[in-house]
Structure formats: structure tokens, C-alpha cells
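The structure appears right after this line, and notes come after that.
Proteins come first, then strands; the chains are lettered A, B, ... in the order of their sequence lines, and each starts at number 1.
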Protein chains: 2
Amino acid sequence: MSSKGEKTRSDIVNSAKALFYERGYDGTSFTDIVSAAGVFRGNIYHYFKSKDDILGAVIAQHLDDYRALLAGWEAASPDPRDRLAAFADMVAAQAPALARFGCPIGSLNTELGKDRRDLQGAARALFDLFRDWLAARFGELGRDREEARGLALHLIGRAQGIAVLGHVYQDQDLLRQEAARLRDWLARL
Amino acid sequence: MSSKGEKTRSDIVNSAKALFYERGYDGTSFTDIVSAAGVFRGNIYHYFKSKDDILGAVIAQHLDDYRALLAGWEAASPDPRDRLAAFADMVAAQAPALARFGCPIGSLNTELGKDRRDLQGAARALFDLFRDWLAARFGELGRDREEARGLALHLIGRAQGIAVLGHVYQDQDLLRQEAARLRDWLARL
DNA sequence: GTCTATAAGAAGATAGAC
DNA sequence: GTCTATCTTCTTATAGAC
């Protein structure tokens with residue numbers, strides 16, 4: 001595939017990624033995507049065979065992005081406590097976007113889980129990514145496999161709840177207060 | 001308004017309430033609603049002026065339902081700890097529906113918060129209802145006004161996070177485990 | 001690989017007979 | 001208040017010239 005084709009394709013994916021987050025999957029039309037990406041209507045079908053296919057590419061892009069984020073946290077400190085704290089700090093750092101649009105991963109799964117369970121199966125991989133990474137950190141803290149997994153899921157759930165709350169009330173301060181509570185809980189473990 | 005008209009209207013509202021929960025607001029069509037309610041297509045416009053108008057009635061019905069639920073919890077025990085425990089127990093009791101469709105209140109707010117912020121303002125009243133009721137219970141436990149409100153929001157956030165987690169993984173056991181953790185947290189307060 | 005035109009269907013909403 | 005027929009708009013998707 002040519003370099004220009006690659007760029008057009010990634011323009012489409014990145015525009016769709018932002019729009020799916022801001023307006024939801026069903027709330028985003030092809031017109032929205034082509035306008036944002038600066039490509040022509042029917043042209044999308046040269047790169048993707050359907051809207052669902054675009055979502056698959058968007059999820060893959062999210063996975064790449066979050067893998068890079070996690071790698072950055074690992075590079076920043078070898079201490080598992082620092083790495084877990086980075087997760088809680090992300091909630092506070094993302095407060096503006098969370099208040100406006102909710103969690104990119106959680107809100108996508110919530111939408112797809114309603115009536116597109118086939119697609120939600122793919123989106124769930126984003127939860128799996130964080131669950132496995134967090135479980136590995138709890139393992140480094142001496143927890144056994146099952147307990148580490150339980151703590152990882154609990155931590156993800158806490159973050160999801162904070163994101164829902166902050167989105168419903170569109171309140172960045174609330175997000176930061178709850179993120180601080182989460183840091184405290186992690187510090188006491 | 002006649003008795004028959006009242007029944008037709010409430011049939012539409014209750015069908016829409018169930019469908020909006022199971023398929024989402026945008027994912028539910030007029031065809032879905034009239035089929036479930038057993039009324040005729042254009043007939044809906046005799047009772048509601050738009051789809052958004054139906055949602056308003058659905059939210060009002062939810063408010064009525066949850067006010068009755070809270071009144072039942074108050075009638076069951078005068079102890080604020082029992083009443084708070086009833087909230088955590090609801091999460092476990094609703095595990096099957098939560099695993100399939102998520103939280104009726106949370107998923108509705110998450111969907112509307114994306115691109116229908118006007119409607120989300122109305123749906124937020126459902127969060128307010130629980131927040132104020134829970135804050136009153138924490139007040140009964142001796143917490144001052146601001147702290148009681150913060151604890152109430154925290155508790156709602158915890159429940160929302162559990163619901164998202166259980167919905168994403170469609171796992172009733174996970175919902176019950178996390179509900180037990182929530183009960184423990186309440187008992188230690 | 002780029003761009004225009006349009007098909008095919010589903011959506012919300014309306015008109016009007018009964 | 002019930003029921004049928006239809007309008008308009010928007011959606012995803014396709015055909016085909018360049």
C-alpha cells in the first residue's frame with residue numbers, strides 16, 4: 001500500500017476514533033467522518049468494507065495507544081506502587097475530557113453492550129489490556145494470581161465509576177477528588 | 001383523559017422504558033415501541049409530540065419507581081446502616097439484568113451525555129434522587145452536610161463502576177463479589 | 001487511488017379517514 | 001381515540017467515471 005493511501009487510511013481511523021468518543025458509535029455518521037478526515041464520501045469504502053470495519057480499526061488503534069501508555073508507565077518507574085499510582089493519576093489528568101465525554105473505553109463498551117454484543121466482544125479487549133497489566137503489578141506486590149486479578153478488576157471498576165460520575169455531573173473537581181480517594185486506597189494496600 | 005387513553009399511554013411508556021434500557025435510546029425505533037406496546041404507528045403522536053417527549057415520560061416513570069423503592073427501604077428499617085446496606089444489596093439482587101444491560105440509570109446518562117446533553121440534564125435527576133437519599137442516611141450517621149454528600153456520590157460511583165464492569169464482562173459472579181466488597185466498605189464506615 | 005452521483009432502506013414525523 | 005398511508009430526511013452502501 002502506498003504512503004498516501006496509508007495516510008488517508010490513518011486520517012479516517014483517527015477522525016473516527018475522536019468522533020466515536022465524542023458522539024458515540026451510533027451517533028457518528030459517515031458524513032461526520034469524511035468531513036473531519038477531509039476525504040470524499042464513497043472513498044471510505046476503498047479502505048473499509050463497512051462502518052463496523054472502521055470500528056475494528058479504531059479499537060486496534062486504541063489498543064496501540066494504550067499499550068504505548070502502559071509502556072511509558074513501566075519506563076517511568078520500576079516500583080509497582082508508582083506504576084499503580086500512574087493509573088489513578090491518569091483519571092485526574094484526563095478530568096476535562098472525562099467530564100465532557102466519559103471514559104473512551106467504558107462508554108464505548110456500554111454503548112456496544114446494549115445491542116451490538118458482537119462488537120462489544122472486540123471492545124472488551126481494551127478492558128482486558130488494563131486488567132492484565134494491573135494484575136501483573138499486584139502480582140509484583142506479592143499477591144497471588146487470583147487475588148491480583150480480583151484487585152485489578154476492582155481498580156478498573158473504581159475508575160469506571162469515577163468516570164461515569166464525573167461525566168453525569170460534568171464535574172472536574174469531583175473527578176479529581178475521587179481520583180485522590182483512589183490513590184489513598186492504593187497507598188493503603 | 002379517559003381510562004382507556006390512560007392505559008394506552010402507560011403501555012407506550014412502559015414498553016419504551018424497557019426498550020430504552022435493553023437497546024438504548026437511539027437504538028430503539030418507533031416500530032420497536034409500537035410493536036411492544038401493541039398500538040398503531042401514528043397513534044403514538046396522539047399521546048406524545050416527539051421521541052424526546054416519550055423519553056421525558058420514561059424518566060418520570062423511573063423517578064416514580066425509584067421513589068417507591070427508596071420508600072420501601074425506609075419502611076423496612078429505621079437504622080441508617082440497614083438502609084445503606086439495602087443499596088449495596090440491590091446491586092447483587094439485580095445482577096442478571098446488570099450483566100445483560102448495565103445500570104438503567106447509568107447507561108442512559110452515559111448515552112445521552114455524549115450528544116444529547118439537553119436530555120441528559122433530565123436524566124441526571126435520577127442520580128440526584130439517589131444522591132440526596134444516600135446523603136440523608138450518612139447525615140443520620142452523624143456526618144456533616146458536605147461530607148455526607150461526598151460519601152453519597154462516592155457510593156453511587158462505586159455502584160456505577162461495578163455495573164459497568166459486570167456489563168462489560170457479563171459476569172454475575174463478579175457483580176456479587178464487588179457488591180460484597182461494597183457492603184464491607186459500608187460496614188467499616 | 002480520487003471523486004461524484006445515487007441507490008436502497010430505515011428513521012421520525014404528519015395528514016386525514018373513520 | 002383508532003388506524004392507514006405517506007412525506008421528508010438521514011443513514012449506510014454501491015456504481016462507475018476519471
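- Rounded to an integer number of Å, the gap from CD of B:Glu6 to C1' of D:dG1 is 13 Å.
- Side-chain atoms of B:His154 and B:Phe138, non-hydrogen and from C-beta on, never get closer than 4.5 Å to each other.
- For the pair A:Tyr47 OH and D:dA13 C1', the interatomic distance rounds to 18 Å; values are reported in whole Å.
- Residues B:Met90 and B:Leu69 approach most closely at SD-CD2, 3.8 Å, considering heavy atoms.
- Side-chain atoms of B:Arg143 do not come within 3.5 Å of backbone N or O of B:Arg149 as any donor-acceptor pair.
- Scanning residues 109-121 of chain A for heavy-atom distances under 4.0 Å to DNA chain D yields an empty list.
- With respect to A:Glu6 and A:Arg9, no salt bridge is recorded, no charged nitrogen being found less than 4.0 Å from a carboxylate O.
- Taking a cutoff of 4.0 Å between a charged side-chain nitrogen and a carboxylate oxygen, A:Arg176 and A:Asp173 qualify as a salt bridge.
- Non-hydrogen atoms lying under 4.0 Å from DNA chain D are contributed by A:Ser50, A:Lys51, all within residues 48-59 of chain A.
- One can place CZ of B:Arg9 at 13 Å from P of D:dT2, the figure rounded to the nearest angstrom.
- Residues of residues 23-44 of chain A having a heavy atom closer than 4.0 Å to DNA chain C, listed by number: A:Phe40, A:Gly42, A:Asn43.
- Side-chain N/O atoms of B:Thr8 include one lying less than 4.0 angstrom from OP1 or OP2 on D:dT2.
- When side chains are defined from C-beta on, B:Ile54 does not count as touching B:Tyr25, because their heavy atoms never get closer than 4.5 Å.
- Computed from coordinates, the A:Asp11 CG to C:dG1 P distance equals 14 Å when rounded to whole Å.
- You'll find the ring centres of B:Phe48 and B:Phe30 outside the 6.0 Å limit.
- B:Tyr169 and A:Leu153 make their closest contact through CE1-CD2, 3.8 Å (heavy atoms, listed as atom of the first residue, atom of the second, distance).
- A salt bridge does not link A:Asp184 to A:Arg181: none of the charged nitrogens lies less than 4.0 Å from a carboxylate oxygen.
- Look at A:Tyr45 and you'll find a side-chain N or O under 4.0 angstrom from OP1 or OP2 of D:dA13.
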* To do: Would you please test B:Ser29 and B:Asp32 for side-chain hydrogen bond (donor to acceptor under 3.5 Å, both in side chains) and show each step?
  => CA-CA 5 Å; B:Ser29 70; B:Asp32 295 332; 3.2 Å; yes
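- Residue B:Gln160 comes nearest to B:Cys103 through the heavy atom pair NE2-SG, 3.4 Å, listed as atom of the first residue, atom of the second, then distance.
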